[in-house]
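Side chains included, hydrogens not; waters and symmetry mates left out as well; all remaining heavy atoms used.
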2 protein chains.
Amino acid sequence: MWRLRETPRRGPKPTLALDDIVRAAIEIADEDKDLAAVSMARVAERVGNSTMALYRHVKSKDELLVLMSDAALERPEPLPADVDWRTGLTIWAGAVLTAVRKHRWYAKLPISGPPAGPNNLAWFDSALGALSGTGLPEEAKVGIVMGLMTYVQGEIRMGLDLAAGFADNPDIFRQYGATLARVIDPRQLPALARVLDAGVFDDVGNFEQNSDQDFDFGLQLYLDGVAAFIERVS
Amino acid sequence: MWRLRETPRRGPKPTLALDDIVRAAIEIADEDKDLAAVSMARVAERVGNSTMALYRHVKSKDELLVLMSDAALERPEPLPADVDWRTGLTIWAGAVLTAVRKHRWYAKLPISGPPAGPNNLAWFDSALGALSGTGLPEEAKVGIVMGLMTYVQGEIRMGLDLAAGFADNPDIFRQYGATLARVIDPRQLPALARVLDAGVFDDVGNFEQNSDQDFDFGLQLYLDGVAAFIERVS
DNA sequence: TCCTCACTGCGTATCTCATACGCTAAATAG
DNA sequence: CTATTTAGCGTATGAGATACGCAGTGAGGA
């Protein structure tokens with residue numbers, strides 16, 4: 001991942017590069033829109049080598065998945081320099097979603113550890129940079145950005161997968177409200193029954209749009225909190 | 001999931017109940033602390049039936065996983081009736097984490113769709129109930145709770161998995177800051193370099209505690225935003 | 001110049017899994 | 001009493017990850 005491998009002196013030149021493997025794996029997942037389509041055999045076929053040759057570059061399939069998770073995020077666009085922190089973070093959050101939405105399988109990746117790949121760290125840096133004008137202590141910046149990442153990560157996991165589900169079978173979502181109404185006992189779940197009565201789930205037709213609106217609503221609430229925090233501290 | 005099956009008249013009595021299957025699967029995952037340990041064969045063995053017998057009760061392993069994801073969340077404790085919305089939601093979020101932490105594999109589950117199982121809905125209702133005294137329109141309550149769920153979901157995905165990784169190999173985390181410092185170019189990632197300089201990542205020793213603090217910090221920011229919103233609307 | 005050995009690619013084999021198919025036996029409706 | 005529905009299961013298949021060891025390569029050292 002960090003290309004730390006000291007150049008080996010002896011032996012045949014590798015005909016295969018790690019980057020090619022990872023790229024091939026990503027292409028397969030993209031084409032099939034399915035992480036399960038990525039098998040070692042298929043990746044090997046795509047790069048034109050045997051299955052076992054891959055294991056000279058990757059310890060296991062899990063390691064390949066980790067590499068994919070970093071490589072799938074391209075480098076972030078630099079944020080415009082002249083915007084305030086709030087605009088910056090809003091743009092940032094949108095950019096993350098845009099980047100991840102190019103790879104629907106992203107949400108299905110098992111999580112590995114703290115943000116560690118070069119691309120992940122670049123995004124981390126980008127978000128921190130948006131806060132550089134605030135004069136907050138570094139620790140507070142990290143806390144704010146971690147919270148934001150947590151929220152975005154949740155959206156990736158829930159929203160992205162829901163969108164995939166919706167694309168597969170929109171009817172289930174259209175009937176969501178009606179189905180719930182049939183199943184729910186208003187005495188046991190009164191608050192939810194009230195929501196259903198108010199018809200909040202009746203219009204789930206334009207799903208993507210709704211999802212984006214919900215995301216933005218929550219995001220702005222969070223940023224309101226951040227604004228109040230900055231006010232309080234300074 | 002909803003026990004909608006109309007009682008069948010003919011045929012031998014089932015010796016096996018869906019609940020037992022799901023419970024067995026959860027126990028296996030708990031004992032091995034590993035979702036991958038759940039194989040159809042192993043579940044079958046545990047309930048004392050053959051592998052294929054399970055398929056009379058679940059259509060596929062994926063369906064079993066969905067059932068596990070609902071069953072693993074027990075019913076929420078009812079929130080104390082006399083607390084304000086903010087305390088209620090704080091308790092709620094902590095309770096979700098506590099419930100999920102009993103099953104570390106939870107974060108690894110593939111996501112299936114909108115909250116649909118009975119237990120999931122009960123949690124949904126519980127959070128909505130915390131907002132019932134605010135007089136907000138139902139739609140706003142849903143938006144607020146969805147945002148909160150998104151944040152909590154993100155914490156489950158990131159925090160829970162990190163905690164598992166930390167338990168496996170604390171040293172990697174202890175060296176996190178030092179490792180980053182070695183790998184990062186301050187000219188390319190200046191904001192991150194500044195954070196490292198400030199030593200924010202130097203003391204990751206007490207990981208669980210840190211993680212909880214970060215979660216709470218972000219949560220309170222979000223709730224500050226909600227408070228401002230309620231103020232603005234009423 | 002030639003030998004050595006670290007290193008790459010790969011063929012084969014093994015082991016684990018999910019699951020399709022079809023048979024048998026149970027129990028109830030008519 | 002018989003037809004029909006349904007539960008459990010044995011067998012088989014096919015996919016997939018990966019351990020193991022062989023064979024060829026080519027730079028460093030003699």
* Between C:dC17 (C1') and B:L64 (CG): distance, integer Å -> 14 Å
* To do: Starting from P on C:dT8, measure out to CG on A:L54 and report it in whole angstrom.
  => 13 Å
* Residues A:D32 and A:R42 bridged, charged N to O under 4.0 Å -> yes
Show me, pair by pair, the donor-acceptor contacts under 3.5 angstrom made by side chains of residues 142-153 of chain A, not counting sequence neighbours?
unit_1	atom_1	unit_2	atom_2	d
A:T150	OG1	A:M146	O	2.8
A:Y151	OH	A:F215	O	2.9
A:Y151	OH	A:L219	N	3.4

* **Whole-Å gap separating C1' (C:dT16) and CD (B:E45)** => 14 Å
* **Residues B:Y176, B:F201; criterion ring-ring contact (aromatic ring centres under 6.0 Å, His included); working and verdict** => CA-CA 7 Å; B:Y176 186 59; B:F201 291 129; 5.5 Å; yes
* Structure fact -> Readout for nucleotides 16-23 of chain D: B = base within 4.0 Å of protein heavy atom, S = sugar-phosphate only, - = neither; 5' to 3' it is SSBBBB--
* Indicate whether OP1 or OP2 belonging to C:dG9 is found under 4.0 Å from a side-chain N or O atom of A:H57. => yes
* To do: Inspect the contact between B:R46 and B:E31 and indicate whether a charged nitrogen and a carboxylate oxygen are less than 4.0 angstrom apart.
  => yes
* Structure fact -> Applying salt bridge (charged side-chain N to carboxylate O under 4.0 Å, His left out) to A:E74 and not counting sequence neighbours gives A:K102
Protein-nucleotides 1-5 of chain D N/O pairs closer than 3.5 Å?
unit_1	atom_1	unit_2	atom_2	d
D:dT4	O4'	B:R10	NH1	3.4

* Would you say A:V47 and A:L54 make side-chain contact, with heavy atoms under 4.5 Å? -> yes
* Asked: Listed by chain and number, what are the salt bridge (charged side-chain N to carboxylate O under 4.0 Å, His left out) partners of B:D62, not counting sequence neighbours?
  -> none
* Structure fact -> Taken in chain and number order and not counting sequence neighbours, the residues that satisfy salt bridge (charged side-chain N to carboxylate O under 4.0 Å, His left out) with B:D197 are none
* OP1 or OP2 of C:dT28 sitting under 4.0 Å from any side-chain N/O of B:K13? -> yes
* Distance, rounded to the nearest Å, where B:I28 contributes CD1 and C:dC17 contributes C1' -> 14 Å
